[in-house]
Amino acid sequence: MRKIILYIAISLDGFIARKDDDIKWLTEFPYPENDDYGYADLLSRIDTTIMGNATYSVVRDSLEPWPYGDKMSYIFTRSAAGEDTDNIKFIRNDIPAFIDHLQQTPGKDIWLIGGGKLNTLFLQHDWIDEMIIHVIPVIIGEGISLFEGSTFERRFKLEETQTYSTGVVMLRYSRQNT
């Protein structure tokens with residue numbers, strides 16, 4: 001079965017974006033050594049991305065060309081807007097059946113890009129197999145939480161940590177079966 005990996009960055013106070021979806025605190029963070037923080041390794045492990053509609057809009061509007069062109073991207077949305085292409089499909093209903101089918105199909109692992117509400121849905125259904133979280137040493141005060149609106153408990157096992165000269169800390173967790 002294909003693994004679902006949440007690979008994401010958070011501010012020191014636990015936010016993935018400002019309330020208006022702004023991620024300048026992340027994109028403008030200095031990377032003096034041009035370290036990709038394991039991004040290339042992740043891309044070699046996956047052939048599929050999953051994200052919410054707001055995250056899709058941020059990525060589409062801020063990164064040209066579409067950065068996941070050779071990957072299949074699924075966008076979860078309630079909106080009728082959004083037109084499917086060869087590599088981008090909009091998922092509007094029956095998410096559990098879709099995820100079950102996707103995990104059973106042959107392929108590489110799946111990258112859950114976010115956002116906070118989708119992360120919570122995946123956490124709630126116990127679909128997250130691995131989390132790679134990069135803590136960026138910036139406090140933004142308020143924003144969208146990593147798990148927006150989560151009211152339940154899940155346990156993960158710390159597998160690896162890495163500290164970078166920039167102060168970024170990578171935490172890699174695996175799902176802890178109870």
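In D86, the CG atom is not crowded: 12 or fewer heavy atoms of neighbouring residues, nucleotides or ligands sit closer than 6.0 Å. In this structure, K24 places its NZ atom where only 12 or fewer heavy-atom neighbours from other residues, nucleotides or ligands lie under 6.0 Å away.
For the residue pair Y37 / T166, a side-chain donor-acceptor distance below 3.5 Å is found, with atom types taken as modelled. The closest side-chain donor-acceptor pair between E148 and T120, if any, does not fall under 3.5 angstrom.
For W111 and Y68, the ring centers sit closer than 6.0 Å to each other. Aromatic rings of Y74 and F90 (six-membered ring for Trp) have centroids beyond the 6.0 Å cut-off, not under it.
Across T105 and L102, no two heavy atoms sit closer than the pair OG1-O, 2.8 Å. Nearest heavy-atom pair across I23 and I16 is CG2-O, 3.7 Å. In terms of heavy-atom proximity, D13 sits nearest to I139 at OD2-CG2, 3.2 Å. Across every non-hydrogen atom of V138 and S11, the tightest pair is O-CB, 3.2 Å. Heavy atoms only, all atoms of each residue included: W25 and I10 are closest at CH2-C, 3.6 Å. When all heavy atoms of L26 and A9 are compared, the pair lying nearest together is CD1-CB, 3.8 Å.
With hydrogens and angles disregarded, no donor-acceptor distance shorter than 3.5 Å links the side chain of S145 to the backbone of F147. Checked by atom type and distance alone, the side chain of N119 pairs as donor or acceptor with a backbone atom of L146 at under 3.5 Å. At least one donor-acceptor pair under 3.5 Å links the side chain of R175 to the backbone N or O of D126. At distances below 3.5 Å, not a single donor-acceptor pair connects side-chain atoms of K19 with backbone N or O atoms of E142. With D109 contributing its side chain and K3 its backbone, the two residues share a donor-acceptor pair below 3.5 Å. Counting only distance, with no hydrogens or angles, the side chain of D47 and the backbone of K71 share no donor-acceptor pair below 3.5 Å. A donor-acceptor pair under 3.5 Å is absent between the side-chain atoms of R18 and the main chain of I144, judged by distance alone.
Between atom CD of residue Q162 and atom CD1 of residue I132 there is a gap of 11.0 Å, rounded to the nearest 0.5 Å. Rounding to the nearest 0.5 Å gives a distance of 6.5 Å between CD1 of I99 and CD1 of I110. Interatomic distance, CG of D94 versus CG of D100, reported as 10.0 Å (0.5 Å rounding). Summarising the geometry, atom NZ belonging to K117 is positioned 11.0 Å from atom OG1 belonging to T55; distances are rounded to the nearest 0.5 Å. The line from CG of L158 to OG of S174 is 9.0 Å long, rounded to the nearest 0.5 Å.
Between M170 and E160 the shortest side-chain heavy-atom distance falls below 4.5 Å. Looking at I75 and I91, their side chains never come closer than 4.5 Å, going by heavy atoms from C-beta outward. E159 is not listed as a side-chain neighbour of Y173, based on a closest heavy-atom distance of 4.5 Å or more. The shortest side-chain heavy-atom distance between D21 and S57 does not fall under the 4.5 Å cut-off. At least one side-chain heavy atom of L121 sits less than 4.5 Å from a side-chain heavy atom of I95. Looking at heavy atoms from C-beta onward, Y56 lies out of side-chain contact with V58 at the 4.5 angstrom threshold.
The side chain to side chain donor-acceptor pair (under 3.5 Å) test with S73 is passed by exactly one of T85, T48, T49: T49.
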task: Starting from the C-alpha separation in whole Å, work towards a yes-or-no answer on salt bridge (charged side-chain N to carboxylate O under 4.0 Å, His left out) for R2 and D129.
output: CA-CA 9 Å; R2 299 165 73 184; D129 299 296; over 6 Å; no
task: Apply the test side chain to side chain contact (heavy atoms under 4.5 Å, CB included) to residues Q103 and I4: give CA-CA distance (whole Å), side-chain angles for both, the deciding distance (0.1 Å), then the verdict.
output: CA-CA 8 Å; Q103 284 189 292; I4 295 177; 3.7 Å; yes
message: Under the criterion side chain to side chain contact (heavy atoms under 4.5 Å, CB included), I'd like the reasoning laid out for F29 against V168: C-alpha separation, chi angles, the key distance, then a yes or no.
response: CA-CA 10 Å; F29 186 79; V168 172; 3.7 Å; yes
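Grouping the Ile, Leu, Val, Met, Phe, Trp and Tyr side chains by contacts below 4.5 angstrom, directly or via other members, places I136 apart from L171. The hydrophobic cluster containing I140 does not contain V135, counting ILVMFWY residues as joined when their side-chain heavy atoms lie under 4.5 angstrom apart, directly or transitively. Under the 4.5 Å side-chain contact rule for hydrophobic residues, F98 and I128 share a cluster. Note on L118: it clusters hydrophobically with F156, by side-chain heavy-atom contacts below 4.5 Å among ILVMFWY residues. M72 and F122 end up in the same hydrophobic cluster when Ile, Leu, Val, Met, Phe, Trp and Tyr side chains are linked at under 4.5 Å.
Y39 and Y7 have tilted rings, their planes meeting at an angle from 30° to 60° on a 0 to 90° scale.
The residues E130 and R172 are annotated as salt-bridged, a charged nitrogen and a carboxylate oxygen being separated by less than 4.0 angstrom.
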